[in-house]
Amino acid sequence: METASPSPNRRPVAPGLFTEEDAPSLIGGRSRADGRLVFPCPTGSAGADYEPVTLGRRGRLWSYTVQRFRPKSPPYAGPVTFEPYAVGYVELPGEIIVEARLAGVRFEELRIGLPLQLRIEPFAEDPDGTLVMTYAFAPSMEDLP
Amino acid sequence: MSGVCIVGIGIHPFGRHDGVSGLEMGVAAVRDALTDADVAWPDMQFAYGGSDAAGNADTMVSRLGLTGLQFINVKNGCATGGSALFAATSAIQAGAYDLGMVVGFDKHPRGAFDPQPADWGLPDWYGATGLMLTTQFFALKLRRYMDRFGVSASTLGRVAEKSYRNAQFAEHAWRRQPLGLHEILAAPMVADPLTKYMFCSPAEGAVALVLASEARARALGGPLIHIRAAAVRSRPPRSFEVFSPMLEIDCGASATRLASQGAYELAGVGPEDIDVAQLQDTEAGAEVMHLAENGFCRDGEQEEWIAEGRTELNGRLPVNTDGGCIACGEPIGASGLRQVFENVVQLRGAGGARQVTGRPRTAYSHVYGAPGVSAVTILAR
């Protein structure tokens, strides 16, 4: 999915899911009632009960698997030509554990405890060539806090 | 929970039945159960029934007879059968009726389930980006469990091997060809560490049970199979359930643990009193983890249990004696009732080549499914 220039248009798969900075963060919600963190930040009528907060960008792999067959569409909106992809739960220290695609790592190198960092990457392409961006975690060279 | 008995059981074989609708399979199972109980459809005072994806159970009256009975449709995911059983048991305990029917059936297309996020209160991106699969959930839960409690891949293989071995003796099972351990372990991965032979598949089938008050059951004759508990529970805080974009760091509770504890309390027995068990085995690791979640062993003891054959037909606690979901497939609305059907067979001593040793007196069944729902029943003779 890595693309060369000219750089195509990009859009997030959903608004309010992650910040679109060079150093992106997931957007969670903090319960106004009890301070509990959730992800994603609830929208609609439930949204009033949560304050949007950015979550930590780094964490450790809590569990993992590999999606070996193409999920049915709908709801899956990935490319018709299927390549297996890794999925995991990532523990963000002191916060919560989030489910995510895993990127930049060979399947056989996946192990619980692997240090990871958030990144935004394309997972699909609209008919007009716009890249649809989602979040993923990739191995991190930096030390965890 | 005393005073309610299962007096008739019926089943339409599980698997693939092109050209036969889910409702038709349900009708066949009902007729089978009526014959088994030696009663007739007009004797039925009420019915609870349902499917997840194969239509409205109460439309069966057009085939079974327009007797005007109270027929209530139940739709509660994997707990559809357990919920129908709970409702029917409660109706008889309340004294409203003394003879009625429970039926569950389903018919799913080939391939994995394709849940739509909105139906589960989840945002569309969760499904669009390929994170909303039951297969992923079971694999992710299992990988963590294996790492933490030392469960090996060969243990997963042995569980699946047992499923196919037991199923060859169960006429209602779907996959009745025994498979070797190597074949199971070397098969293509579906969701690592689970190979295709370690997973159950969505399938087709139907099960019906005739329930009676104890007094009515005695009048009908035949062996008394008592329903000692029927419990259905939803998810508690800090649980790890299907379709979870996030977990809490101290997660560990489960709907299964709640349903299990509720059922033991109702029945006044503990896991050590159970002689045979049918446990939700969406995949081989689920059977392993559910052994502990239902109280039969401590976390991590499964490696020893499986190696020693304790869950085999001649073991201390035979588990999934008809091959379970792995060999029968999973028609959602019928799956939980299949477990109860199999437990009645075992308590009657009618299991033939798959009959467990030692004439069991108590039998346990457990289902689990999205979005964190579990149903447990305990039977005794």
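Below, chain A is the first sequence line, B the second, and so on; all start at residue 1.
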Fill in the blank from the handout: So, the part of B/I249 with a heavy atom under 4.5 Å from chain A: the answer is both
Handout entry: Nearest-0.5 Å distance that lies between atom CG in A/L17 and atom CE in A/M133
Key = 12.0 Å
Problem - Heavy-atom contact with chain B under 4.5 Å, split by part of A/A100 - result: backbone
Practice task
Using a cut-off of under 4.5 Å on heavy-atom pairs, state which of B/C251, B/A112, B/A139 scores highest against chain A.
Solution key: B/A112
Problem - A/L37 portion near chain B, given a 4.5 angstrom heavy-atom threshold - result: backbone
Completion exercise
ring pair (Phe, Tyr, Trp, His ring centres under 6.0 Å) pairs touching residues 11-31 of chain A, sequence neighbours excluded, are none
Exercise for the section: Kindly indicate, with the supporting measurements, whether the criterion side chain to side chain contact (heavy atoms under 4.5 Å, CB included) is fulfilled by B/L156 and B/L142. Expected result: CA-CA 10 Å; B/L156 305 181; B/L142 176 61; 3.7 Å; yes
Exercise for the section: Go through A/V90, A/V87, A/V38, A/V13 and name the one with the most non-hydrogen pairs under 4.5 angstrom from chain B. Expected result: A/V87
Which N or O donor-acceptor pairs, by atom type, sit under 3.5 Å across chain A and chain B?
from: A/R36; atom 1: NH1; to: B/E248; atom 2: OE2; distance (Å): 3.3
from: A/W62; atom 1: O; to: B/R144; atom 2: NH1; distance (Å): 3.1
from: A/S63; atom 1: OG; to: B/L140; atom 2: O; distance (Å): 2.6
from: A/S63; atom 1: OG; to: B/R144; atom 2: N; distance (Å): 3.3
from: A/T65; atom 1: OG1; to: B/D192; atom 2: N; distance (Å): 3.1
from: A/T65; atom 1: OG1; to: B/D192; atom 2: O; distance (Å): 2.6
from: A/Q67; atom 1: OE1; to: B/Q136; atom 2: NE2; distance (Å): 3.0
from: A/R68; atom 1: N; to: B/V190; atom 2: O; distance (Å): 3.3
from: A/R68; atom 1: NE; to: B/D192; atom 2: OD1; distance (Å): 2.9
from: A/R68; atom 1: NH2; to: B/D192; atom 2: OD2; distance (Å): 2.7
from: A/K72; atom 1: NZ; to: B/R110; atom 2: O; distance (Å): 2.9
from: A/K72; atom 1: NZ; to: B/A112; atom 2: O; distance (Å): 2.8
from: A/P74; atom 1: O; to: B/Q116; atom 2: NE2; distance (Å): 3.2
from: A/A77; atom 1: N; to: B/A128; atom 2: O; distance (Å): 2.9
from: A/Y85; atom 1: OH; to: B/G130; atom 2: O; distance (Å): 2.7
from: A/Y89; atom 1: OH; to: B/S244; atom 2: O; distance (Å): 2.6
from: A/I97; atom 1: N; to: B/L247; atom 2: O; distance (Å): 2.9
from: A/I97; atom 1: O; to: B/L247; atom 2: N; distance (Å): 2.7
from: A/E99; atom 1: N; to: B/P245; atom 2: O; distance (Å): 2.8
from: A/E99; atom 1: OE1; to: B/Y126; atom 2: OH; distance (Å): 2.5
from: A/R101; atom 1: NE; to: B/T129; atom 2: O; distance (Å): 2.9
from: A/R101; atom 1: NH2; to: B/T129; atom 2: O; distance (Å): 3.1

Exercise for the section: Let me know if A/V132 has heavy atoms under 4.5 Å from chain B in its side chain, its backbone, both or neither. Expected result: neither
Handout entry: Structural part of A/I96 lying under 4.5 Å from a heavy atom of chain B
Key = both
Problem - B/P115 versus chain A, the contacting section by heavy-atom distance below 4.5 Å - result: backbone
Problem - CG on B/L279 to SG on B/C325, rounded to 0.5 Å - result: 10.0 Å
Handout entry: Structural part of B/F137 lying under 4.5 Å from a heavy atom of chain A
Key = neither
